[in-house]
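Take a look at the structure below.
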Amino acid sequence: MEILVIGSINIDYVSTVEKLPKKGETLHANSFEDSAGGKGANQAVGARRLGANVSMIGAVGKDAIGGRLKDSLAREGIDVSRINTVDVPTGNAIITVDKNGDNTIVVYSGANFEIDNKWIEDSEELIKKSDIVVLQLEIPMDAVVYSAKVAKKYNKRVILNPAPAKELPQEIYQYIDYITPNETELQELTSIENIELGVKELLGRGAKNVIVTLGEKGCYYLGEEGTHVVDSFKINAVDTTAAGDSFNGALAVALCQNKDIKDALRYANAVGALTATKKGAQTSLPYGKEVEKFIIMK
Ligand code: RIB
């Protein structure tokens with residue numbers, strides 16, 4: 001089970017607040033911490049903790065934080081040989097989390113935006129040996145499209161988590177096996193409010209399977225294995241940061257295990273739910289044993 005994540009690595013600066021700030025408002029935080037994040041790195045760590053062999057292509061800055069984040073990925077057992085160190089600050093995210101576990105996130109891309117096609121080309125060996133390639137949108141769009149294209153050249157399955165949502169070039173859809181927007185991202189991508197119609201639009205553009213994550217309502221799937229609505233697991237959300245990331249990491253793992261889509265989505269829902277029960281991004285990502293126990297108890 002070889003998963004390759006091509007994506008972002010950030011340091012998250014997280015303040016917890018009673019309620020999210022309004023425009024122009026200054027609030028006192030109840031607590032503050034910094035911790036490892038970035039959608040790409042979260043998905044990589046998520047998949048690794050569920051038992052997959054994971055490699056990552058990414059970038060950090062030549063600063064102390066960059067070294068710390070790369071070391072922490074290596075300690076997780078992730079192959080970091082294609083995480084380059086560049087002369088641009090490491091990416092960061094300013095996150096506020098309210099008492100319901102909802103958040104706002106502002107990302108500074110920094111080193112993540114130094115990834116280019118040459119870098120991907122030089123990392124083709126990693127793509128060749130992977131079973132699934134997982135992508136998000138926190139690195140340059142050209143690199144995302146090129147990565148997906150190379151992955152398809154080697155007949156690899158491609159998951160694109162279109163977050164944060166950006167317009168996608170038409171070319172990329174032909175390379176996508178699974179696209180996994182949340183409701184807001186789906187609307188951004190298609191300008192269509194109705195979920196079913198939005199999903200059909202993405203299929204019409206060429207994606208093979210569409211999965212819309214619906215938070216506490218679970219997820220909706222339409223694609224090669226029919227239509228499925230898969231319920232969420234009921235939990236008390238503490239912090240939803242990285243719940244979408246862990247969903248994607250878990251989906252990659254479940255697909256590598258050849259689970260059918262319904263089982264894969266139930267598993268990914270469980271992992272996403274468990275993630276929301278703890279604070280932080282990588283600090284909240286569950287291990288395989290915890291997930292098994294959680295599913296049995298529900
Ligand atoms: O999805 C959560 C992640 O988004 C955070 O870890 C932050 O770094 C941003 O990339």
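Start at 1 and go down the list; that is how both ligands and their atoms are numbered.
Using a 4.0 Å cut-off between charged side-chain N and carboxylate O, K152 and D177 make a salt bridge.
Side-chain atoms of D12 and S35 include no donor-acceptor pair closer than 3.5 Å. At a cut-off of 3.5 Å, with distance as the only test, no side-chain donor of Y13 or N92 sits close to an acceptor on the other residue. Side-chain contact check for S8 and N10: no donor-acceptor pair (N or O, by modelled atom type) lies under 3.5 Å.
For atom 4 (O) of ligand 1, the nearest non-hydrogen atom of the protein is K39 NZ, 3.1 Å. Closest to atom 3 (C) of ligand 1, if we only count protein heavy atoms, is N42 ND2, 3.7 Å. At the shortest separation from atom 2 (C) of ligand 1 among protein heavy atoms lies D245 OD2, 3.3 Å. Of the protein's heavy atoms, D12 OD1, 3.3 Å lies nearest to atom 7 (C) of ligand 1. Protein heavy atom closest to atom 9 (C) of ligand 1, with residue, atom name and distance, is E138 OE2, 3.5 Å.
At a 3.5 angstrom cut-off on N or O pairs, G38 counts as close to ligand 1. Considering backbone and side-chain atoms alike, T241 places every N or O at 3.5 Å or more from each N or O of ligand 1.
Using a non-hydrogen distance threshold of 4.0 Å, S8 does not register as a contact of ligand 1.
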request  = Assess whether side chain to side chain donor-acceptor pair (under 3.5 Å) is satisfied between N182 and T213, documenting all intermediate values.
outcome  = CA-CA 5 Å; N182 63 22; T213 53; 5.2 Å; no

ask   = For K149 and D142, what are the C-alpha separation, side-chain angles and deciding distance, and is it a salt bridge (charged side-chain N to carboxylate O under 4.0 Å, His left out)?
value = CA-CA 10 Å; K149 186 178 178 177; D142 277 358; over 6 Å; no

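Which parts of ligand 1 touch A281 is read off a 4.0 Å heavy-atom cut-off, strictly below it: atoms 6 (O). Less than 4.0 angstrom separates some heavy atom of A93 from each of these atoms of ligand 1: 7 (C), 8 (O). For ligand 1, the atoms closer than 4.0 angstrom to any heavy atom of G37 are 6 (O), 8 (O).
Annotation for E25: atom CD counts as buried by contact number, over 12 foreign heavy atoms lying within 6.0 Å. Atom CD of E216 has 12 or fewer neighbouring heavy atoms from other residues, nucleotides or ligands inside a 6.0 Å radius.
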